[in-house]
Novice: 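Please find one structure pasted underneath; my questions will follow.
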Amino acid sequence: MKNIDSHSHVRGESVYLDDIPVIRGTLYACVFDSPIAHGKLKSVDTSEVEKCEGVIRVILAGDLIGENQIGGIVPDEPLLADGGVHFVGQPIAIVLAETEEQARKAAKKITADIEPLPVVTDPRVAAANGDLIVPPKKFVLGDTAAAFADCAHVFEGRAEQNGQEHLYIETQGAYAVPMESGGIRVYSSTQGPTAVQRAVCRVTGLPMHKVEVDVQRLGGGFGGKEDQANAWAGICAVATQITGKPVKYALHRMEDMRMTGKRHPYSSDYKIGLDADLKIVAYEASFYQNAGASCDLSPPVLERTLFHCTNSYYIPNVTATAYCCRTNLPPNTAFRGFGGPQGMFVIESAIAHAAEKLGVTAAEIQRANLLEDGDEFPYGQLAESEAAASWSQADASFDFSALRLEADEFNATSKYLKKGIALMPICFGISFTKTPMNQARSLVHVYTDGSVAVSTGAVEMGQGVNTKMAQVAAAVFGLDVTMVKVHTTNTLRIANTSPTAASAAADLNGKATQIACETIRERLLDVAASMLGKETSEGVALSDVDWKDLVMEAHLRRVNLSEHSHYATPGIGFDWSTAKGHPFAYHVYGTAIVGVTVDCLRGRYEIDYVKCCHDFGTSMNTAVGLGQIEGGIVQGLGWMTMEEVVYDENGKLRSNALSTYKVPDIYSVPKEIDVLPLHTNRNNLAIFNSKAVGEPPLMYGIGAYFAIRNAIKAFRDCEPEFDCPFTPERVLMNLYSEPNAEKN
Ligand code: MTE
Ligand code: LUZ
Ligand code: MOS
């Protein structure tokens, strides 16, 4: 079935924040942000701005009626800088003008007197200075110290990973509208309507019942709007509160890139120990997370790095430690995978390192260590593993050894073009690791004409969650999906939502919708039975009577045709005092093989193919699933290859526009993406057994890094550092830098 938005998308009729008709008298906001990464904010000069055409007012920290604070986990993030600045791009003042252009022009006239302080951009330097946002976190399984002593082989190394710009097509933004008796309605491009509501209430001092947040859809979020939509909504709401006017702010691309955080860069140390049969016996890792200037979501991101530090392998002895390091960069945030991919890159680096030293392929070590049913993760949960199944099915369909042979034969006769391949198994836990977040609600109305309206806490951001919600309702009622309309995500209709994140939106909100529809269905079955002169227990079906007649009859009999339902994932929990538990409803598995060709004269490369066997469960919507897999793979490839976030030593973003930050385009996507669904029938708490698909495929992209590395090694004997992204420039340096010599 097609995505229900496809029609309006291709006709340009889908409504995003900037398409909402504005009310007469709306003011436009623009932020003046810090030009300096760290310093004492001594004064702000707004005298020139007030003279500018169309300017209504300038708002500074001291003007706020509520609290100047939007930090959700740690209160370390003012809405507007007060006393100090901590990153380039930190909002200092809000300019309000009659038009967008006037506001932008005027904001440039503000100056600030800032006394510079030392700038830290390196997480290891921050850790050495003791500047950790939260205490270190640690997972321990078995006893690594004892295990290393008995290992046949032990290897140690370091892995570096850069960040990633979300580059959602729709930039961040919000539109606040004053309501009667001091309330505010906020339209926001957010994954977390309730997070926005809380932030708005905090900075305005309003109670939550006076603030309504409404979200139609996002032009992409990818995690970048899980927490970081709050600031712009807060800015508009504060301005509305102070002026009594509607206020809108939709960021320009360069403002968005400069002022918002990205995927967390990490610097990590690893130590891996294997026995003579290539079994990984022990693994130690230390992760230095570059959190940026304030906490944001860094601690749970860091936790997920630990949760996924052994990827899809069983390792009996693990010690993993993670440090949340404060630096003078914009606060880094959620990004598809949420720290998991960073953990996986490090274990894959350790495996590649061991394989090279032992003269075997990484695939041999990977295969020998795949999780089996009942194996314990470092956090105590036992695996229900599809790791080996996805590996063998991928092998059976794609023939790994034939692909390897093809690359070897090609390389034997080609001097300057070299092929490389790599296997990339994945394992990703589904559920918010913070257990209380695993709940959702749905509101379902059946109207007297038989049409159905559904509202949930899920936000549509291109991932097709609304299509799945409509499918759930249609399936339970036995209706065509055109009879179901999924409405905006609105905090008045659905309260206390978790953000649409952790790939769990379809499961959580889908289950809630299923419960609501089933409750209404039960009531309708009683009506249907009585219309047919039967007992309900005689096995009446909804289809035994005309749907519209049934609904009208139920209404006339004063039967409730609406339901508001709640779902909370059963059986999950995690105890940080022991760092053990059962945090995930289930895991998603898969195995990909990635093939690349590197041009060893120029350092350029092409991704020839990504072929994967992916754990779908029983997909509710293969079109949506395939779209998520292809999109996720390309986004992962971008992170590993061409996307390079560059800050200079003064903390200034150099890759600050699309001319200096390159994302995959149609020419750089793999020539072939093959997806083989792995069907599993385990009762895994997924909606209709259709496993979550949003984030996991991104991690197949990691395979491209190792495939490129293998191609370089086919050109000459060298040991490229584990340092991503593998930009063409970095490939070229590895191809020709001393001391290694050419192979042929
Ligand atoms: N797909 C599109 N088109 N746009 C997005 O912003 N976000 C991803 C993924 N797929 C995203 C996307 C992320 S980070 C998550 S967590 C999931 O979608 C969230 O949606 P789900 O829970 O419905 O899978
Ligand atoms: N967000 C979050 C997430 O708050 N908690 C999580 O566990 C998570 N996991 C993946 C993506 N976003
Ligand atoms: Mo996705 S990083 O959970 O928004």
Side-chain angles (χ1 to χ4, degrees), residues 3 5-6 9 72-73 164 166-170 189-192 194-195 217-229 261-264 296-308 332-343 379 428-438 440 456-469 472 486 489 497-511 569 572 574 583-585 588 619-621 624-636 686-687 690-699:
N3 186 316
D5 280 345
S6 50
H9 279 0
I73 297 175
Q164 184 176 22
H166 299 86
L167 220 88
Y168 22 66
I169 294 177
E170 181 195 27
S189 181
T190 180
Q191 293 172 238
T194 294
R217 64 162 64 69
L218 317 188
F222 305 112
K225 297 169 182 170
E226 182 174 336
D227 212 52
Q228 298 213 350
K262 313 184 189 311
R263 183 189 291 286
H264 293 80
D296 193 272
L297 293 168
S298 295
V301 169
L302 191 72
E303 286 159 23
R304 206 174 258 277
T305 301
L306 292 179
F307 281 109
H308 296 307
N332 287 314
T333 194
F335 194 137
R336 208 172 193 170
F338 206 73
Q342 287 95 322
Y379 45 91
F428 195 76
I430 303 301
S431 286
F432 289 93
T433 57
K434 204 170 168 225
T435 304
M437 292 174 80
N438 296 287
T456 75
V459 168
E460 175 61 50
M461 47 184 173
Q463 88 281 37
V465 71
N466 282 359
T467 303
K468 293 182 183 177
M469 297 305 102
V472 170
V486 181
T489 316
T497 61
S498 287
T500 289
S503 304
D507 279 355
L508 296 172
N509 296 280
K511 293 261 185 185
T569 315
I572 53 170
F574 193 74
F584 299 119
V588 168
S619 179
M620 276 180 74
N621 191 317
V624 166
L626 284 173
Q628 286 295 296
I629 293 172
E630 291 175 2
I633 286 174
V634 172
Q635 202 165 34
I687 177 72
S690 172
K691 282 182 151 185
V693 72
E695 295 170 284
L698 178 131
M699 288 152 253

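Ligands are counted one by one from 1 in listed order, and the atoms in each one are counted from 1 as well. Remember, it's a predicted structure, so these values are computed and weren't measured experimentally.
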Novice: Say whether A502 and ligand 3 are in contact under the criterion: heavy-atom distance to a ligand atom below 4.0 Å.
Specialist: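 For ligand 3, residue contact (heavy atoms, under 4.0 Å) with A502 is present.
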
Novice: N/O to N/O below 3.5 Å, does that happen between F335 and ligand 3?
Specialist: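 No, F335 has no N/O under 3.5 Å of an N/O on ligand 3.
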
Novice: Evaluate N3 against H9 for side-chain contact (heavy atoms from CB on, under 4.5 Å), listing each step before the verdict.
Specialist: CA-CA 10 Å; N3 186 316; H9 279 0; 5.6 Å; no

Novice: Any idea which protein heavy atom is nearest atom 22 (O) of ligand 1, and the distance to it?
Specialist: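 Result for atom 22 (O) of ligand 1: A505 N, 2.8 Å.
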
Novice: Looking at E695 and R304, is any side-chain nitrogen of the basic one under 4.0 Å from a carboxylate oxygen of the acidic one?
Specialist: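 Looking at R304 and E695, the cut-off is not met.
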
Novice: Can you list the atoms of ligand 1 that are under 4.0 Å from a heavy atom of G462?
Specialist: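 The list of qualifying atoms is 2 (C), 3 (N).
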
Novice: Would M461 count as being in polar contact with ligand 1, using the rule that some N or O on each side must be under 3.5 angstrom apart?
Specialist: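 Yes: some nitrogen or oxygen of M461 is under 3.5 Å from one in ligand 1.
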
Novice: Looking at G220, which atoms of ligand 1 are within less than 4.0 Å of one of its heavy atoms?
Specialist: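 Atoms satisfying the 4.0 Å criterion: 6 (O).
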
Novice: N/O of Q463 under 3.5 Å from N/O of ligand 1, yes or no?
Specialist: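 Yes: some nitrogen or oxygen of Q463 is under 3.5 Å from one in ligand 1.
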
Novice: Relative to ligand 1, is E695 under 4.0 angstrom through side chain, backbone, both or neither, heavy atoms considered?
Specialist: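 For E695, only side-chain atoms sit under 4.0 Å from ligand 1.
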
Novice: Assess whether side-chain contact (heavy atoms from CB on, under 4.5 Å) is satisfied between N509 and M469, documenting all intermediate values.
Specialist: CA-CA 8 Å; N509 296 280; M469 297 305 102; 3.8 Å; yes

Novice: In the protein, what heavy atom is nearest to atom 6 (O) of ligand 1, and what distance, to one decimal place, separates them?
Specialist: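 Checking every protein heavy atom, the shortest distance to atom 6 (O) of ligand 1 gives G221 N, 2.7 Å.
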
Novice: Measuring from non-hydrogen atoms of E303 to any atom of ligand 2, is the shortest distance under 4.0 Å?
Specialist: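 No.
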
Novice: Ignoring hydrogens and geometry beyond distance, is a side-chain donor-acceptor pair present between T333 and D296 at under 3.5 Å?
Specialist: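 Checked: T333/D296 side chains pair up, N/O donor to acceptor below 3.5 Å.
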
Novice: Run the contact test for A504 against ligand 1 with a 4.0 Å cut-off on heavy atoms, strictly below, and give the result.
Specialist: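 Judged by the 4.0 Å heavy-atom criterion, A504 does count as contacting ligand 1.
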
Novice: Look at atom 7 (O) of ligand 2 and say which protein heavy atom is nearest, naming residue and atom and giving the distance to 0.1 Å.
Specialist: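 Of the protein heavy atoms, T433 N, 3.0 Å lies nearest.
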
Novice: Provide, to 0.1 Å, the distance between atom 8 (C) of ligand 1 and the closest protein heavy atom, together with that atom's residue and name.
Specialist: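 Nearest neighbour among protein heavy atoms for atom 8 (C) of ligand 1, to 0.1 Å: R336 NE, 3.9 Å.
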
Novice: A side-chain contact here means heavy atoms from C-beta on lying under 4.5 Å apart; do M461 and E170 qualify?
Specialist: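 No; the side chains remain at least 4.5 Å from each other.
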
Novice: Can you tell me which portion of A502 lies within the under-4.0 Å heavy-atom range of ligand 1? Options are side chain, backbone, both, or neither.
Specialist: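 It is the backbone that touches ligand 1; the side chain stays farther off.
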
Novice: Give me the residue, atom name and distance of the protein heavy atom closest to atom 1 (N) of ligand 2.
Specialist: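 Checked against all protein heavy atoms, atom 1 (N) of ligand 2 sits closest to E226 OE2, 2.9 Å.
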
Novice: Provide the number and element of each atom of ligand 1 under 4.0 Å from a heavy atom of A501.
Specialist: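 Those atoms are 16 (S).
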
Novice: Do K434 and ligand 2 have an N or O pair less than 3.5 Å apart?
Specialist: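 In fact, backbone or side chain, K434 has no N or O that close.
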
Novice: Give a yes or no on whether the ring-centroid distance for F584 and Y379 is below 6.0 angstrom.
Specialist: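 Centroid distance F584-Y379: below 6.0 Å, so yes.
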
Novice: Non-hydrogen atoms of A692 versus ligand 1: any pair closer than 4.0 Å?
Specialist: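 No.
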
Novice: Counting heavy atoms only, name the option from F338, F335, F307 that's nearest to atom 12 (N) of ligand 2.
Specialist: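 Selected option, by shortest heavy-atom distance: F338.
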
Novice: Run down the list H166, Q191, K225 and name the one with the heavy atom closest to atom 4 (O) of ligand 3.
Specialist: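 The residue whose heavy atom sits nearest atom 4 (O) of ligand 3 is Q191.
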
Novice: Which is it for A334 and ligand 2 at heavy atoms under 4.0 Å: side chain, backbone, both or neither?
Specialist: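 Within the 4.0 Å criterion, A334 makes no contact with ligand 2.
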
Novice: Which protein heavy atom lies closest to atom 9 (N) of ligand 2, and at what distance to 0.1 Å?
Specialist: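 For atom 9 (N) of ligand 2, the nearest protein heavy atom comes out as R304 NE, 2.8 Å.
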
Novice: Return the closest protein heavy atom for atom 1 (Mo) of ligand 3 as residue, atom name and distance.
Specialist: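 Checking every protein heavy atom, the shortest distance to atom 1 (Mo) of ligand 3 gives E695 OE2, 3.6 Å.
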
Novice: Return the residue, atom name and 0.1 Å-rounded distance of the protein heavy atom closest to atom 5 (N) of ligand 2.
Specialist: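 For this ligand atom, the closest protein heavy atom is F432 CD2, 3.3 Å.
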
Novice: What is the nearest protein non-hydrogen atom to atom 2 (S) of ligand 3, stated with its residue, atom name and distance?
Specialist: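 The answer is R336 N, 3.1 Å.
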
Novice: Could you tell me whether A501 approaches ligand 3 through its side chain, its backbone, both or neither, with non-hydrogen atoms closer than 4.0 Å?
Specialist: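 Both backbone and side chain.
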
Novice: Between ligand 1 and Q628, is the shortest N or O to N or O distance under 3.5 Å?
Specialist: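 In this structure, Q628 places an N or O atom under 3.5 Å from an N or O of ligand 1.
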
Novice: Hey, is ligand 1 close enough to F222 that some N/O pair sits below 3.5 Å?
Specialist: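 Between F222 and ligand 1, an N or O pair is found under 3.5 Å apart.
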
Novice: Just which atoms of ligand 2 are under 4.0 Å from any heavy atom in E695?
Specialist: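 Contacts of ligand 2 toward E695, numbered from 1: 10 (C), 11 (C).
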
